[in-house]
J.: 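For reference, the structure I am asking about is given below.
Chain letters run A, B, ... following the sequence lines, proteins first and then strands; every chain starts at 1. When reading the values below, keep in mind they use all heavy atoms of this one structure, side chains included, and skip hydrogens, waters and symmetry mates.
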Amino acid sequence: MGAGPAFNPPEAGTIRSRPSRPPVGLLEFRAFQSNGNTRVTVRTRFAPSPTGMLHIGGVRTALFSWLYARRHGGTFILRIEDTDRERSTDAAIEAILDGMKWLGLDADEGPFYQTKRYDRYREVINQFLESGHGYHCYCSKEELDEMRAGQMARKEKPRYDGRCRHRTTPVPGVTPVVRFRNPDEGQVVVNDIVHGPIVFQSQELDDLIILRSDGNPTYNFCVAVDDWDMGITHVIRGDDHINNTPRQINMLRAMGATPPVYAHLPMILGPDGTKLSKRHGAVSVLEYRNDGYLPAALLNYLGRLGWSHGDQELFSLEELTRLFDLDAVNKSASALNLDKLAWTNQQHMMKLPGSALAPLLAEQLASRGIDPAGIDLAAIADALKERSRTLAEMAEGSRFFFADPTEYEPKAAAKNLNADALPALLAARAALVALGAEFTPARIDEALKGLAATLGVGLGKVAQPLRVAVSGGGVSPPIDATLAILGAGTVLRRLDRAIQHAGS
RNA sequence: GCUCCCAUCGUCUAGAGGCCCAGGACACAGCCCUCUCAAGGCUGGUACGAGGGUUCGAAUCCCUCUGGGAGCGCCA
């Protein structure tokens with residue numbers, strides 16, 4: 001797997017020798033005192049499994065964890081849950097790391113890899129075995145399948161019936177798994193910041209496998225060990241984990257650990273309100289970079305999905321980290337609205353100076369095989385930022401700056417590059433030539449307006465033919481800015497060709 | 001089937017008993033501005049799933065129903 005460090009617990013001794021943490025209450029975790037002036041620092045983690053791409057849903061979870069840590073001056077930890085050796089891939093790890101880096105969701109600790117912590121897991125498993133919290137189970141897969149099928153047929157909840165709980169002798173030739181012995185009675189209360197207390201009856205919880213017969217520990221177990229070892233104070237994750245939580249709490253208790261506070265976030269649905277799929281937004285978050293979205297805009301949009309701050313829609317990252325809090329998080333699932341994401345992106349682009357957008361526009365142009373050498377991309381970005389929803393749209397809208405039109409858009413040409421427009425075109429040419437070296441937006445505007453006045457027509461009668469002449473179509477930024485960016489030489493060259501076209 | 005979660009405009013949401021015959025945003029329509037396209041401004045339509053309670057008063061509290069979702073793996 002990956003090459004990151006293994007997390008080494010401050011005290012790698014036995015579980016019971018670990019100093020016990022002071023209790024963390026539900027909503028007043030933030031500053032409990034143990035000796036008068038000790039303050040608990042918030043520690044959150046994002047724990048993706050590298051079995052697929054990092055998509056929008058995962059990013060939202062990561063964002064909330066990151067924001068919460070930042071907001072409270074805490075620590076954000078990245079942990080790669082790669083215990084599924086069959087499906088975990090290095091490519092997926094790379095994609096997660098790249099995505100987090102692009103978005104700027106930097107981790108203070110990690111990435112840690114669970115596959116590097118096997119010694120620690122085994123240590124806990126042995127302790128469970130000794131203390132009776134764990135036991136060997138020799139049931140075969142077939143046997144378990146059969147058991148489940150029978151329960152389903154009887155309309156019971158499929159669960160392990162504990163048939164190996166009291167077995168004292170091994171079954172020859174069978175490598176056992178280790179199961180965690182859940183309490184038989186009582187209840188487990190999950191203190192959830194967004195949902196409030198959620199109560200589970202222990203009876204509902206069966207004995208889950210914590211060590212596979214191939215020696216690999218399993219998810220729920222590793223999570224419990226890691227969250228404790230890494231001192232996680234707030235587990236922020238998708239609400240599809242709610243049902244796992246009581247088991248994790250039970251294992252935490254068996255370790256003598258104090259469970260963290262939980263915050264289960266609602267799911268993100270596709271635009272049609274159904275589960276996110278590859279057709280929707282379940283593509284790698286890096287696709288959004290290719291599509292020309294700004295990290296800040298994507299984060300802004302995602303932040304507003306399931307969280308709100310009054311009526312405010314637009315947030316800078318700085319505002320987000322200052323205002324975000326878990327108590328304003330919604331409980332219900334929300335659907336992706338790509339139109340709003342695009343709008344948000346445009347709003348962010350509009351706030352940025354062209355010089356900041358220029359390098360990003362350059363990337364988009366490069367991927368289109370366009371060489372913008374010698375052209376002022378910052379000026380183009382300034383001219384186009386309020387007429388593009390994404391950087392990709394900006395790149396498309398700027399194409400005519402880099403190449404003379406090879407043909408004119410038929411409708412626009414028919415209307416604006418005809419005999420009627422010829423006088424205006426010729427007069428405009430003369431007026432522009434007269435500008436000489438002062439080919440600036442202000443001077444161009446002045447000249448064109450003066451010309452329109454002399455001709456006794458509206459500016460549109462002059463600007464629109466010019467627009468079609470230099471851009472090939474009927475849409476472009478304001479004509480003064482457009483001409484200035486193109487430069488006198490290019491403008492006159494394109495104008496001459498258009499005049500020829502209009503006269504023929 | 002069992003357990004758990006959820007429920008305000010098409011979508012994202014405000015709303016924590018009277019300020020709400022429900023506000024903002026995206027999208028949509030119209031108008032204004034205007035050299036095109038945008039951006040911006042103004043206007044408009046559309047929502048508290050249903051039924052019972054509690055209360056002088058409920059989108060807000062309680063119950064039931066309905067609808068949606070998640071989990072029930074030697075996946076995470």
J.: Going by the rule side-chain hydrogen bond (donor to acceptor under 3.5 Å, both in side chains), which residues pair with Tyr160(A) if we only count those two or more places apart in sequence or in a different chain?
T.: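 For Tyr160(A), no residue satisfies side-chain hydrogen bond (donor to acceptor under 3.5 Å, both in side chains) once neighbours in sequence are set aside.
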J.: Can you name the side chain to side chain contact (heavy atoms under 4.5 Å, CB included) partners of Leu129(A), sequence neighbours left out?
T.: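 Listed in chain order: Ile125(A), Asn126(A), His136(A), Val178(A).
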J.: In whole angstrom, what separates Lys331(A)'s NZ from rA16(B)'s C1'?
T.: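 After rounding, the reported distance stands at 10 Å.
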J.: Using whole Å, report how far CG of Leu336(A) lies from P of rU13(B).
T.: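 In whole Å, rU13(B) P lies 11 Å from Leu336(A) CG.
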J.: Rounding to a whole Å, what distance do you find between Arg237(A):CZ and rC4(B):P?
T.: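 Roughly 18 Å, once rounded to whole Å.
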J.: Any non-hydrogen side-chain atom of Tyr219(A) less than 4.5 Å from a side-chain atom of Gln248(A)?
T.: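 Side-chain contact under 4.5 Å: yes.
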J.: How would you list, by chain and number, every residue that makes a side chain to side chain contact (heavy atoms under 4.5 Å, CB included) with Arg399(A), sequence neighbours excluded?
T.: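 Arg368(A), Ile370(A), Glu396(A).
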J.: Listed by chain and number, what are the side chain to side chain contact (heavy atoms under 4.5 Å, CB included) partners of Asn330(A), not counting sequence neighbours?
T.: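 Asn330(A) satisfies side chain to side chain contact (heavy atoms under 4.5 Å, CB included) with Ser332(A) once adjacent residues are dropped.
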J.: Using a 4.0 Å cut-off on protein heavy atoms (strictly under), produce a 5'-to-3' string for nucleotides 64-76 of chain B with B for base contact, S for backbone-only sugar-phosphate contact, and - for none.
T.: ------BBBSBBB
J.: For every nucleotide of nucleotides 30-45 of chain B, 5' to 3': is a protein heavy atom under 4.0 Å from its base (B), only from its sugar-phosphate (S), or from neither (-)?
T.: -----BBBBSS-----
J.: Glu313(A) near the nucleic acid: base, sugar-phosphate alone, or nothing, with a heavy-atom cut-off under 4.0 Å?
T.: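 Base contact.
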J.: Kindly list each side-chain donor-acceptor pair under 3.5 angstrom involving residues 452-474 of chain A, sequence neighbours excluded, with atom names and distances?
T.:
{"from": "Thr454(A)", "atom 1": "OG1", "to": "Gly450(A)", "atom 2": "O", "distance (Å)": "2.5"}
{"from": "Thr454(A)", "atom 1": "OG1", "to": "Leu451(A)", "atom 2": "O", "distance (Å)": "3.2"}
{"from": "Gln464(A)", "atom 1": "OE1", "to": "Arg467(A)", "atom 2": "NH1", "distance (Å)": "2.7"}
{"from": "Gln464(A)", "atom 1": "NE2", "to": "Gly474(A)", "atom 2": "O", "distance (Å)": "3.1"}
{"from": "Arg467(A)", "atom 1": "NE", "to": "Ser476(A)", "atom 2": "OG", "distance (Å)": "2.9"}
{"from": "Arg467(A)", "atom 1": "NH2", "to": "Pro477(A)", "atom 2": "O", "distance (Å)": "3.2"}
{"from": "Ser471(A)", "atom 1": "OG", "to": "Arg467(A)", "atom 2": "O", "distance (Å)": "2.7"}
{"from": "Ser471(A)", "atom 1": "OG", "to": "Gly473(A)", "atom 2": "N", "distance (Å)": "3.1"}
{"from": "Ser471(A)", "atom 1": "OG", "to": "Gly473(A)", "atom 2": "O", "distance (Å)": "2.9"}

J.: Tell me the interatomic distance from His195(A), atom NE2, to rC5(B), atom C1', rounded to whole angstroms.
T.: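 These atoms are roughly 6 Å apart.
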J.: Could you tell me whether a side-chain N or O of Arg304(A) sits under 3.5 Å from a main-chain N or O of Trp307(A), the two making a donor and an acceptor?
T.: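 Yes; judged by distance alone, with no hydrogens or angles, the pair exists.
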J.: Which residues satisfy the side-chain hydrogen bond (donor to acceptor under 3.5 Å, both in side chains) test with Thr61(A), sequence neighbours excluded?
T.: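 Not a single residue meets the side-chain hydrogen bond (donor to acceptor under 3.5 Å, both in side chains) criterion with Thr61(A).
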J.: Taking a pair as Watson-Crick or G-U wobble with both distances under 3.5 Å, which nucleotide is matched to rC26(B)?
T.: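 Its partner is rG10(B) (Watson-Crick or G-U wobble, both distances under 3.5 Å).
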J.: Please determine whether a side-chain nitrogen or oxygen atom of Asn337(A) lies at a distance below 4.0 Å from atom OP1 or OP2 of rU13(B).
T.: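 Answer no for this pair, as no side-chain N or O of Asn337(A) is under 4.0 Å from OP1 or OP2.
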J.: Output all residues satisfying side chain to side chain contact (heavy atoms under 4.5 Å, CB included) with Pro170(A), sequence neighbours left out; order by chain, then residue number.
T.: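 Per chain and number, Pro170(A) pairs via side chain to side chain contact (heavy atoms under 4.5 Å, CB included) with Tyr138(A).
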J.: Find the partner of rA38(B): check Watson-Crick (N1-N3 plus N6-O4 or O6-N4) and G-U wobble (N1-O2, O6-N3) distances, both under 3.5 Å, and reply none if neither fits.
T.: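 Paired with no nucleotide.
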